[in-house]
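Keep in mind that the numbers below use all heavy atoms, side chains included, and drop hydrogens, waters and symmetry copies. In the text below, chain A, chain B and the rest are named by the order of the sequence lines, each starting its count at 1. What you are looking at is a predicted structure, and each value in this text was computed from that prediction instead of being measured.
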2 protein chains.
Amino acid sequence: MLSNACKYAIRSILYLAINSSEDNKIGVKVIAEELETPQPFLAKLLQQLTRDKLVSSTKGPNGGFYLDSKNRKNAIWDVIISIDGTGKFDNCFLGLAKCDDRNPCPVHFIVAPFKDKILDSFRDKTIDEYVVEIKNTNRVISLKDLDLFEDEES
Amino acid sequence: MLSNACKYAIRSILYLAINSSEDNKIGVKVIAEELETPQPFLAKLLQQLTRDKLVSSTKGPNGGFYLDSKNRKNAIWDVIISIDGTGKFDNCFLGLAKCDDRNPCPVHFIVAPFKDKILDSFRDKTIDEYVVEIKNTNRVISLKDLDLFEDEES
DNA sequence: ATAAAAAAAGAGATTCTTATCTTAAACTCG
DNA sequence: CGAGTTTAAGATAAGAATCTCTTTTTTTAT
Ligand code: FES
Ligand code: FES
């Protein structure tokens with residue numbers, strides 16, 4: 001549904017939203033390590049996002065990537081468009097030409113409501129709002145430090 | 001989520017379920033035309049499905065592919081396993097190592113119920129049951145004859 | 001100047017998709 | 001039965017898309 005590239009991009013945007021600021025720019029290297037993604041690939045993606053004004057960057061010493069307040073008003077959907085282009089979402093789950101209520105494939109009415117829901121969530125919430133939610137609910141974005149609740153039992 | 005190959009496979013299984021029988025075997029060529037899929041690619045997929053006993057075939061004149069009553073007791077899920085292998089479904093939507101309720105990514109709780117539901121539908125229903133449903137509700141499987149309801153208005 | 005970092009371009013690897021060609025099986029008809 | 005036709009099975013490879021890595025250039029801070 002989403003390309004690998006796009007997943008990396010979304011995760012890094014969220015990472016930057018949480019960890020960066022104008023005073024605290026973060027280099028590709030750190031981001032890549034933190035998110036456990038291939039570094040050069042991520043670099044390219046971040047460049048793309050920068051061109052599309054979804055993240056900000058400065059070169060030179062103490063340079064790096066960060067999100068300014070404008071960037072934070074964008075939606076995840078913008079990231080998806082920037083990286084994967086539109087389309088991947090509107091397609092029929094079984095590969096029919098159109099995904100359409102009037103000519104549904106056998107799984108259409110199972111898939112469609114969820115597609116709508118997730119699409120809404122991606123389009124309507126700003127990055128900022130996502131971050132609030134992530135902070136409130138302890139959602140994970142990096143591959144590291146999984147099993148946060150490991151020793152919760154007993 | 002599903003590979004192209006897998007989509008083709010699912011659609012041809014359903015096509016065969018609806019249109020074929022032991023007395024009415026259907027050749028790759030017809031199936032490929034009907035479903036508008038690349039013929040040689042489909043051929044390979046059908047071979048794979050035949051090896052896994054999900055479809056039946058005979059060679060020679062009047063030969064072709066069909067579903068016998070055993071084949072019809074399988075589930076779509078079996079097709080997915082045969083073509084894509086397991087896994088593609090259990091993955092995190094944002095590419096994290098595990099998709100896990102305890103360490104959810106920011107979209108996990110939007111995606112997870114959907115995944116469960118569709119998975120159930122794929123695992124629990126037999127091909128036969130799907131066909132009944134398709135017939136009852138006029139679902140589309142081929143790319144041709146879309147817009148069944150084109151002139152329904154007015 | 002020097003060093004740090006992103007930007008840019010592009011080479012290489014891998015996987016996914018499609019096409020071609022040969023072989024083997026099954027039926028048909030003389 | 002036996003030659004010829006039909007169709008799937010199998011092997012191989014060409015093409016395309018996706019993903020990963022390398023190298024060079026440009027910008028900026030100190
Ligand atoms: S028509 Fe297949 S998912 Fe909507
Ligand atoms: S953890 Fe990401 S979808 Fe479940």
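Contact annotation: Tyr8(B) does not reach the phosphate of dT17(C) (side-chain N/O to OP1 or OP2, under 4.0 Å). An OP1 or OP2 oxygen of dA9(D) is reached within less than 4.0 angstrom by a side-chain nitrogen or oxygen of Ser57(B). Here Arg51(B) reaches the OP1 or OP2 of dG10(D): one of its side-chain N or O atoms lies under 4.0 Å away. Neither OP1 nor OP2 of dC16(C) sits under 4.0 Å from any side-chain N or O of Asn4(B).
The separation between Lys29(A) atom NZ and dA4(C) atom P is 11 Å, rounded to whole Å. Taking atom CG of Leu46(B) as the reference point, atom P of dT7(D) lies 15 Å away to the nearest angstrom. Following rounding to the nearest Å, Gln47(A) (CD) and dT26(D) (C1') show an atom-to-atom distance of 12 Å. Here the P atom of nucleotide dA16(D) and the CZ atom of Phe41(B) are 15 Å apart, to the nearest Å. If you measure from atom CD of Gln48(A) to atom C1' of dA8(C), you get 13 Å, rounded to the nearest angstrom. Distance, Phe65(B) CZ to dA25(C) C1': 13 Å, rounded to whole Å. Rounded to an integer number of Å, the gap from Gln39(A) CD to dA6(C) C1' is 11 Å. dA25(C) atom C1' lies 13 Å from atom NZ of Lys25(B), rounded to whole Å.
In terms of position along DNA chain D, the nucleotide closest to Ser3(A) lies nearer the 5' end than the nucleotide closest to the other residue of the pair Pro40(A) and Ser3(A). Along DNA chain D, the nucleotide nearest to Lys44(A) and the one nearest to Ile26(B) differ in position, and the one closer to the 5' end is contacted by Ile26(B). Take the nearest nucleotide of DNA chain C for Gly64(A) and for Pro61(B): the residue whose nucleotide is more 5' is Gly64(A).
To the nearest 0.5 Å, atom CG of residue Asn19(B) and atom CD1 of residue Ile141(B) are 6.5 Å apart.
Using a 4.5 Å heavy-atom threshold, the side chains of Trp77(B) and Leu119(B) count as touching.
Of the candidates dA6(C), dT28(C), dA26(C), dA6(C) carries the atom nearest the Val28(A) side chain, counting heavy atoms from C-beta on.
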Please test Thr58(A) against Tyr66(A) for side-chain hydrogen bond (donor to acceptor under 3.5 Å, both in side chains), starting from the C-alpha separation and ending with a verdict. CA-CA 9 Å; Thr58(A) 56; Tyr66(A) 64 99; 5.7 Å; no
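Phe93(A) and Phe114(B) have perpendicular rings, their planes meeting at more than 60° on a 0 to 90° scale where under 30° would count as parallel. Using the six-membered ring where Trp is involved, Phe122(B) and Tyr130(B) have ring planes that are tilted, between 30° and 60° apart.
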